[in-house]
Amino acid sequence: MTSIEKYEWVLLSNKDRVKPLAILRTEMPIFGEINGIVAGDLFDDRKALAEAGIHPPLVAGISGTQGEGADSIVLSGGYEDDVDLGDVIIYTGAGGQKNGRQVSDQKLERVNLALAKSKIEHLPVRVTRGHKHKHPLSPAKGYRYAGLYYVDDYWCDKGKSGYKVWRYRLIAEKTDSLDYLVKEPSGEYELPKRKQTTGNRIVRDYQKAKNVKAWYQFQCQVCGLAIETSAGLYAEAAHIKPLGKPHNGPDIESNILCLCPNHHVMFDNGGFAIDDNLNLIGINGKLNELKKHRISAEFIQYHRDHYLKNTE
DNA sequence: ACTATAGCGATT
DNA sequence: AATCGCTATAGT
């Protein structure tokens, strides 16, 4: 018996029972590449695109939530302020339309906020071009997945209609992101041999950072500041023992701090360190630590030993 | 070409 | 429960 069937059975047997939201709630957005799909892949329609896991919504152009960020967009030609330069796209937010015409201002809310969140969290956004989006990279029919982009900036403008629109500059993750289009002597665009997808390292890492930031509600563990932006609260995940060679620190919560940008820069560059009692060395104060965090003594010692100046 | 609307999954 | 939407299709 599937969970859905179980749920229906419960409803039949007990009409007063509250809906089990955990079953009905849609899953979190999935960020980054989808297994088995590569840039250049074609899909007949939005249903096929959704079933592949590239872009779940059947109608909406932006997939995601304001809390988690936007994982995918579709360019479908429906917004007159879109600009598509291939590796750089100026995408228009959703809303303010009636019968395909812009008739009111767009607001920075819902999926528009999701794209803003993707910017401040540096999350990758899948991009797909549809046949109604008139562009050399669009397919003649159906939809073509274009690969991962990052939201480089977002702002509001008065659009061609005179109404306010939110705009997002997206930049392709790979400079060779257009390699899937190879001009053949016939004049037709053809697909090259399939490349293996690179996996999802960036997004896996993000999950740990996200956990730590959420525990502290984006408040800096040094000064308590949680920075407010139009996309929501902002904080940075600082690795205590650095990830890169030759340090090879692990990407786990016990090696991550939630810091404001200033204290992140100071920490990474020896402006302060942390002793075994979590007192700060170099500046006044004590590091705020939640019980469940369990910051590793080994890693803060490593940071002391390798980044603090003039130690004996 | 433009316009209306049913449709349905996802979000709030 | 109500709202939304870069569909899809039919009608003018």
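Within every chain, numbering begins at 1; the chains are lettered A, B, ... in the order of the sequence lines, protein sequences first and strands thereafter.
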Looking at A:Arg304 and A:Asp275, is any side-chain nitrogen of the basic one under 4.0 Å from a carboxylate oxygen of the acidic one?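 Salt bridge between A:Asp275 and A:Arg304, a charged N being under 4.0 Å from a carboxylate O: no.
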The side chain of [X] is closest to which nucleotide in this list: [options]?
{"X": "A:Asp45", "options": "B:dT12, C:dA8, C:dC6", "answer": "C:dA8"}
{"X": "A:Ala60", "options": "B:dG9, B:dA10, C:dC6", "answer": "C:dC6"}
{"X": "A:Val59", "options": "C:dA8, B:dG7, B:dA4", "answer": "B:dG7"}
{"X": "A:Arg46", "options": "B:dG9, B:dT11, C:dC6", "answer": "C:dC6"}

Mind checking [X] for me? I need base, sugar-phosphate or nothing, with any heavy atom below 4.0 Å counting as a touch.
{"X": "A:Gly130", "result": "nothing"}
{"X": "A:Leu75", "result": "base"}
{"X": "A:Lys47", "result": "nothing"}
{"X": "A:Gly95", "result": "sugar-phosphate"}

Going by atom types alone, do [X] and [Y] pair a side-chain donor with an acceptor below 3.5 Å?
{"X": "A:Gln97", "Y": "A:Tyr163", "value": "no"}
{"X": "A:His133", "Y": "A:Asp82", "value": "no"}
{"X": "A:Tyr145", "Y": "A:His55", "value": "no"}

Is the terminal nitrogen or CZ of A:Lys241 (NZ for Lys, CZ for Arg) located under 6.0 angstrom from the six-membered ring centre of A:Tyr302 and within 45° of that ring's axis?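 The answer is yes, since A:Lys241 meets both limits relative to A:Tyr302.
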Strictly below 4.0 Å: does [X] bring a side-chain N or O up to OP1 or OP2 of [N]?
{"X": "A:Asn99", "N": "B:dT3", "value": "no"}
{"X": "A:Ser63", "N": "B:dA10", "value": "no"}
{"X": "A:Arg101", "N": "B:dT3", "value": "yes"}
{"X": "A:Lys132", "N": "C:dT7", "value": "yes"}
{"X": "A:Gln66", "N": "B:dT12", "value": "yes"}
{"X": "A:Tyr143", "N": "C:dT7", "value": "yes"}

Considering Watson-Crick and G-U wobble pairs with both distances under 3.5 Å, what does B:dG7 pair with?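 Result: none.
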Nearest whole angstrom, please: distance from the [atom2] of [N] to the [atom1] of [X].
{"X": "A:Asn112", "N": "B:dT12", "atom1": "CG", "atom2": "P", "answer": "11 Å"}
{"X": "A:Lys141", "N": "C:dA8", "atom1": "NZ", "atom2": "C1'", "answer": "16 Å"}
{"X": "A:Ile89", "N": "C:dC6", "atom1": "CD1", "atom2": "P", "answer": "16 Å"}
{"X": "A:Leu49", "N": "C:dG5", "atom1": "CG", "atom2": "P", "answer": "19 Å"}
{"X": "A:His133", "N": "C:dT7", "atom1": "NE2", "atom2": "P", "answer": "12 Å"}
{"X": "A:Phe43", "N": "C:dT7", "atom1": "CZ", "atom2": "P", "answer": "16 Å"}
{"X": "A:Leu58", "N": "B:dA10", "atom1": "CG", "atom2": "C1'", "answer": "9 Å"}
{"X": "A:Gln106", "N": "C:dC4", "atom1": "CD", "atom2": "C1'", "answer": "13 Å"}

Indicate the atoms forming the closest heavy-atom contact of A:His293 with A:Glu253, along with that distance.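 Minimum heavy-atom separation between A:His293 and A:Glu253: NE2-O, 3.0 Å.
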Map A:Asp44 and A:Gly96 onto DNA chain C by nearest heavy atom, then report which one ends up closer to the 5' terminus. A:Gly96
